[in-house]
Every structure is written in structure tokens, then in C-alpha cells.
Protein chains: 2
Amino acid sequence: MREDRVASPTLEDVARAAGVSRATVSRVINGIRNVDPSIQEVVRRAIAEVGYVPNRAARQLVTGKTGSIALIVSGAGQFFARVFTDPFFGRVVEGISGHLRPLGVHLVLMLAEAADARAQVVDYVRQGHVDGAILVTTHADDPLPAMLAESGTPVVLFARPDQPIPISYVDLAHGAGARMAADHLVARGCERVATISGPLDVLASMERLSGFREAMARHGHAYVPSVAGNFTKESGEAAMTRLLADHPQIDGLFVANDLMAQGALEVAAARGLRIPRDLRVVGFDDSTAALACRPPLTTIRHPVEDMSAEMSRLLLAQIEDPSRRPKSVIFEPELVVRESA
Amino acid sequence: MREDRVASPTLEDVARAAGVSRATVSRVINGIRNVDPSIQEVVRRAIAEVGYVPNRAARQLVTGKTGSIALIVSGAGQFFARVFTDPFFGRVVEGISGHLRPLGVHLVLMLAEAADARAQVVDYVRQGHVDGAILVTTHADDPLPAMLAESGTPVVLFARPDQPIPISYVDLAHGAGARMAADHLVARGCERVATISGPLDVLASMERLSGFREAMARHGHAYVPSVAGNFTKESGEAAMTRLLADHPQIDGLFVANDLMAQGALEVAAARGLRIPRDLRVVGFDDSTAALACRPPLTTIRHPVEDMSAEMSRLLLAQIEDPSRRPKSVIFEPELVVRESA
DNA sequence: TTGAAAGCGCTAACAG
DNA sequence: CTGTTAGCGCTTTCAA
């Protein structure tokens, strides 16, 4: 009863049990028409009987397809603690698997936190474990996108790469989002506005910062103090502490992501600042952290799930037709008004 | 120059380029002795020249091995937000990949948050994508451990399964840890002690709770009020709020994990309670959350990384010898004294 | 020490 | 509609 474990049953076994040829069994398994319904029934029964499961390696060897794709998260320094602490990555996984699962495509997550891990991941992909990869990188000068693109595997990126490489990606109109934050703060009557930005070597951070500055300038605010964080809550606290030390009078604040905003709000609360009366705060992302804030955070919606679903769509298309030219899809942000501003 | 992408080079190509047979190339690739050093050199050069990468499917078809294992995280309800918010999972991944990477074994992470996802994961494993699986499940009545065990794949669990199934696992002596917390609180002079537990249908939670109660009873404290949370920070806040409403006089608190302790501390601070003067708090896990607490949290060390490394060790052994009997390894907790108690 | 050859389990023409 | 057959790329006896 358990010996089938020793050598799992093959097509051959099913064929014998059903009294047909391997080809016929293969046909019913792959849902190809042109098979007599009664025989289909017999085969199906035989499959169940012997407990047959197709051998992926054999199948891949002839079809060249694995039926699975990798989501690679690449970064450095405090990597694991970062990934498993920021709601962003969960949204990405959710968006991708929501799109892939109904299609029967397997999603595997791989984490590359250092040079050797990166090499191993590239290895994995090049060996043909997956049909393609979706890549999310958290640091600017990551060599992985180029390595992967060069390997010839279909790849799609989250966010435009720093270096111009021929690769498909999905991104957000960060500048437009920052502008919405600026307009909102000004409309609410803020006079002394500052911002906590993300790491300045990350494109998205730069775009949010410059977008915000430009919009504020257009409203006549020539000077907008800013402090950079690294997108963690702790860095938001540190940045806020510094900001308040240098500019105790601010009445409006734009923070480049919700997690940092959460940290900033806690510091503000500890300082006795009432939100939004004394200080209005706008975050960015509309992640679960925005709702966890006290008070709930007014923020800019970053449709991460939709963008991630789009990544898988692009990837699947590229797998189907490898000659496809790289394509980019840019999403539009939205202002979400809650209580903090 | 780019056309090698169309059909990637095979052993045959390398053999031709090196002027030897496929078998010889295969030998040098697999590091088999009995190959003339000069030929080895020639072959290695040829490999680099044609940019050869072994085809995993073909290799697996004959060896039966994939060289990769899966880490499956299974759960439900708010699953993604939970996994990517709790430092615990990062520690698991870190422990496993730290052990596996030097061995050249690939680690892929798979998330199973609902019934269809579970089925897909089992599918993936049974199809032979991986040589074995490490399973972490966050809810009590998860059918996945049994499904996997039954499939015949080598599997190792984090934490003892609720149902007795023949499967290897690694666990912590939770009761012993809870006892340490109790002893410490009592030694610090606490008189009115309460606890915030984890979900009561999770074995580890129960063991921590009953271990704590027993130890307190041994110290003469017959009654220990408790409120259950679900291991998230938010649930810690809610539990603390409830606890303080019913028992405003408590001067000692044991919380079943650091994340909930963090939430509890925030509520305590908002109530004006001084820690540890008015209230001493001991957490559990010694995760990054413990250091993020104000003040830094006294807690019980849960050696998650070591335990995870041990899981991969067990799994590899089981893969090597599938007839191996299931084995369990229990780790001992340690008290880590910081400022909160 | 090296090469020839037999498959691993499956799919996909190609006949029938 | 079904069976036969030729490989997919690799490892591994078995000879040489």
C-alpha cells in the first residue's frame, strides 16, 4: 500500500491499468480532445487507482515549460527583518498569486540578500526551474536586474530600473502622488510644511521628493525642509525627531511611506502635538500601516496589488512570446483622505 | 551572439567544442575524479566558452533529485499581512537559508493561505519540484501537515503537530520558558500578575499559558487573570486594554510573544503606567520587536534561527534516507533580562 | 581514463 | 480516435 512511494507510478503504469497506450493517457491528462469519452473515463479511473502524478522533470524536458514562476525579492542589510516587517511585500505576493493561482501557475518566492544568494538565485533561474521571474529590489545599485535580463529569462521588474536596461516594468507616477499630497496640505491651510523622504538613491524616493517640492513651489512655498529615512518605522521616528528639533513650528508633513509616517506620528504624539489640529500628516502607499496609525492616516494610494497582478500579466505574455519587446505600465496614485490631514 | 538564447547549449555542444564525449563533460561537471587534468581544463574552458548551464529537468529525470527544498508557510485569514509583518518568519528563513546556502541547496518559499493554495502547494511538491519541504503553520487545524506527510515527501515541521502524525519536527520547551517568566516576575516582587496569551487553539500558546499558571501556582498565586490575543501587535493592545479595565492593579505581566508585548506596552504608556516601576512586563521570543519596545523588553529567548537550521538538517537527512523514522528535537528557552522587568 | 549507449518519464508528430 | 515512435538533455553502466 505504501510501496508506490518507492517508485511512483508512471504513465506506463496507468496505460497498462487502463489497457490503452501511453499516448492516450497523456492526452486525457493534458485535456486534449479527440479521446473517446468512455476511454477517458477508464483512464481517469486508472489514474486515481494507481495514484499517478505526472513527473514534472520528464514533462519539462520535452515541453520546455515548468509551469511556475519566481518572485525574487532582492536587497541587503537587515534584509530578512525588513522584508518580514513591511506590509509592502505581502501586497506584492497577494497581487501576483491572486492572478497566477487561477491560471494554475505556481509561484515561488526567493530571497536574495547578499552576493552569494544572488548568484544562487540566478543559478536557479538559469537552470530552468522556472519559466520567468518577477523582481522586486529594495536597493538602488542592485546588479540582479541586469544579471537576470542578461540571462535571457523573461523578467519583469517592480519599478523602473536605475540603469536603463531592456526589461519590462510596472511603476507608479510617484511625482503625481506627491503633488496630490502637497495640494491637499496647502488646501487644508498648512503654512510651514516639511517632508520625510525615502532613501535618496532610490528613484521612487527622489520622484516623490522632487514632485512634492515642485508642487509646493508652485504654491509659493520656496523652502521645504526634508529629512531622509529608509522606509522603516524606526527611521520615521528618527527623522521626525530630527525634523522637530530643527523646525518645531511645522504644521504640515508629507512622509514618503506609511510606515515612516506611523513612526513620525508616534513621535509627534509623544511631543504632545495634536493631529491634525497642530500638525497635518500625509503618508504614502495606503498600506495596512495607514489604518494602524492614530489617527488613521491620510495617504496616497499605491495600488501595489494591481501593479503586481499586471507584472504577472506582462511576464506571462513575455514567456509566451519571448521576442516581445520590453513594456512599461505606469499606474496613477490617488488621494485617500482620513483623519490625519 | 545572442542566438544562444534561442536554444541554450547542451552537453553535446560543450563536448563538441572540447573535442571529447558527453560523458567526459558530465564527469568534470559533476566533479568525478578519473579525468585527466589537462582534459578537465579543456572542458572547463569549453563550458565557459559556450556559456553552458546544466538543464535541471534532464538531470533530475535521471538522478531523481532537484537540489532544492521548499519552505511552506501555511495559514489563513489576513495571511499575507500577517506573514509580512511578523519578524518571526524572517528568522525562520534566515535560519534555514543560512544552513542551506553553503550546501548549494536552493530554498524556495511558498505561501498557502487558503484551501486552493494548499492544494496547489501539495501539487507542486508531489510533482517533484523539490526534494522535500519544511512546513510552518500558523493555525491549529491545518490539514497541510497531514496532506504532505501522506504524500510521501520528506517533511519537517516547525512545532509539534496538533494531531499525532508521523512527521519530524522541531519545537521549543514552551512551558519551561513560561516558568522562567513567572519566576522572574515573582523574584522581582510582583504581587498581582496577569498574562496575555496567544490563541488558545495553538499548542504552543496553551503550553505557555499553562506553564505560566503552574509556576505562579507553585509560588502561591492561585489566580492569574488572562486574556487571549492572536500574536499580532494590535491584539496585544486590545488585550491590554481589556486587562487593565478588569484588573487595573496588576504589577506584573507575562505576554506570550514580543509583538503583543509591544502593543501592551504602548497601551500601558498611554495610561501613564511607568515601566517597570508600576508594571513589570516579560515577553516571549526575543525577536526584533523586543528591542523596539520602550523600554527594551525583558523576554524569553526562542532560538528560532537555530531551530530552523535544525529543521533543514533533519530534512536533508530524511531526503538522503527516506526510511528514516520521524525525529523530534526540542530546544530550551532562556531568560533575557532587559529593562521592562 | 575515456567513449558508446541505454534509458529516466513524458509529449508530439505521424501513421493507421 | 488511438497507437507507435522518436527524441528532450542528462547520468551511468559497460566496454574498450
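Hydrogens, waters and symmetry mates are skipped; everything else that's a heavy atom, side chains included, is used. Numbers restart at 1 for each chain; the letters A, B, ... are given by sequence-line order, proteins then strands. Remember, it's a predicted structure, so these values are computed and weren't measured experimentally.
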*Asks:* How would you label the contact of B/Asn55 with the nucleic acid (heavy atoms, under 4.0 Å): base, sugar-phosphate, or nothing?
*Replies:*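 Touches sugar-phosphate only.
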*Asks:* Can you check the A/Arg59 CZ to C/dT11 P distance for me, whole Å?
*Replies:*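 Distance check: A/Arg59 CZ to C/dT11 P gives 5 Å.
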*Asks:* With a 4.0 angstrom cut-off to heavy atoms of chain B, pull out the first and last contacting nucleotide of DNA chain D, in 5'-to-3' order.
*Replies:*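 Result: D/dG9 to D/dT13.
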*Asks:* Salt bridge check: are A/Glu310 and A/Arg313 linked by an N-O gap of less than 4.0 Å?
*Replies:*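 So A/Glu310 pairs with A/Arg313 through a salt bridge.
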*Asks:* For B/Ala18, check side-chain contact (heavy atoms from CB on, under 4.5 Å) against everything at least two apart and list the hits.
*Replies:*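 B/Ala18 satisfies side-chain contact (heavy atoms from CB on, under 4.5 Å) with B/Val20, B/Val42, B/Val43, B/Ala46 only.
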*Asks:* Could you list the residues that satisfy side-chain hydrogen bond (donor to acceptor under 3.5 Å, both in side chains) with B/Asn34, not counting sequence neighbours?
*Replies:*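 Expected list: none.
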*Asks:* Write down the distance between CZ (B/Arg27) and P (C/dG3), rounded to a whole number of angstrom.
*Replies:*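 For the pair B/Arg27 CZ and C/dG3 P, the rounded distance is 8 Å.
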*Asks:* Compile the donor-acceptor pairs under 3.5 Å between side chains in residues 69-79 of chain A and protein atoms, sequence neighbours left out, one pair per line.
*Replies:*
unit_1, atom_1, unit_2, atom_2, d
A/Ser74, OG, A/Asp142, OD2, 2.4

*Asks:* Is A/Glu94 reaching over with its side chain to a backbone N or O of A/Glu305, donor-acceptor style, under 3.5 angstrom?
*Replies:*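 No.
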*Asks:* Counting only side-chain N and O atoms of A/Ser26, is one of them less than 4.0 Å from OP1 or OP2 of C/dT11?
*Replies:*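 So the side chain of A/Ser26 is within the cut-off, an N or O lying under 4.0 Å from OP1 or OP2 of C/dT11.
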*Asks:* Rounded to whole Å, how long is the line connecting atom CD of A/Gln60 with atom P of C/dT11?
*Replies:*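 Value for this atom pair: 12 Å.
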*Asks:* Identify, with sequence neighbours excluded, every residue that meets side-chain hydrogen bond (donor to acceptor under 3.5 Å, both in side chains) alongside B/Gln127.
*Replies:*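 Partners of B/Gln127 by the side-chain hydrogen bond (donor to acceptor under 3.5 Å, both in side chains) criterion, ordered by chain and then number, come out as B/Asp123.
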*Asks:* Would you be so kind as to tabulate the donor-acceptor pairs closer than 3.5 Å made by side chains of residues 95-109 of chain B, with sequence neighbours excluded?
*Replies:*
unit_1, atom_1, unit_2, atom_2, d
B/Ser97, OG, B/Val93, O, 2.7
B/His99, ND1, B/Ser312, OG, 3.1
B/Arg101, NH1, A/Gln120, OE1, 3.3
B/Arg101, NH2, A/Glu113, OE1, 3.1
B/Arg101, NH2, A/Glu113, OE2, 3.1

*Asks:* What residues, two or more places apart in sequence or in another chain, satisfy side-chain hydrogen bond (donor to acceptor under 3.5 Å, both in side chains) together with A/Thr66?
*Replies:*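 So A/Thr66 forms a side-chain hydrogen bond (donor to acceptor under 3.5 Å, both in side chains) with A/Ser68, A/Asp131.
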*Asks:* Cut-off 3.5 Å, no hydrogens considered: what does the side-chain donor-acceptor table look like for residues 161-168 of chain B, sequence neighbours left out?
*Replies:*
unit_1, atom_1, unit_2, atom_2, d
B/Ser168, OG, B/Gln318, OE1, 3.3
B/Ser168, OG, B/Lys327, N, 2.8
B/Ser168, OG, B/Lys327, O, 3.4

*Asks:* Can you list the residues that meet the salt bridge (charged side-chain N to carboxylate O under 4.0 Å, His left out) rule with A/Glu320, with sequence neighbours excluded?
*Replies:*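 A/Glu320 satisfies salt bridge (charged side-chain N to carboxylate O under 4.0 Å, His left out) with no other residue.
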*Asks:* Nearest whole angstrom, please: distance from the P of C/dA12 to the NZ of A/Lys65.
*Replies:*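 After rounding, the gap between these two atoms is 12 Å.
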*Asks:* How large an angle, rounded to 10°, do the end axes of the helix from C/dT1-D/dA16 to C/dG16-D/dC1 enclose when each is built from five base pairs?
*Replies:*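 The end axes of the helix from C/dT1-D/dA16 to C/dG16-D/dC1 are about 40° apart, to the nearest 10°.
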*Asks:* Mind calculating the distance between CG (A/Asn34) and C1' (C/dG16) to the nearest angstrom?
*Replies:*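 Rounded to whole Å, this separation is 15 Å.
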*Asks:* Applying side-chain hydrogen bond (donor to acceptor under 3.5 Å, both in side chains), can you list everything that pairs with A/Ser21, at least two apart in sequence or on another chain?
*Replies:*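 By the side-chain hydrogen bond (donor to acceptor under 3.5 Å, both in side chains) rule, A/Ser21 matches A/Thr24.
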*Asks:* Can you figure out which of C/dT2, C/dT11, C/dC10 approaches the side chain of B/Asp36 most closely?
*Replies:*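 Of the options given, the side chain of B/Asp36 lies nearest C/dT2.
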*Asks:* With the criterion being N/O to N/O and under 3.5 Å, what pairs connect the protein with nucleotides 5-7 of chain C, and how long is each?
*Replies:*
unit_1, atom_1, unit_2, atom_2, d
C/dA6, N6, B/Arg22, NH2, 3.4

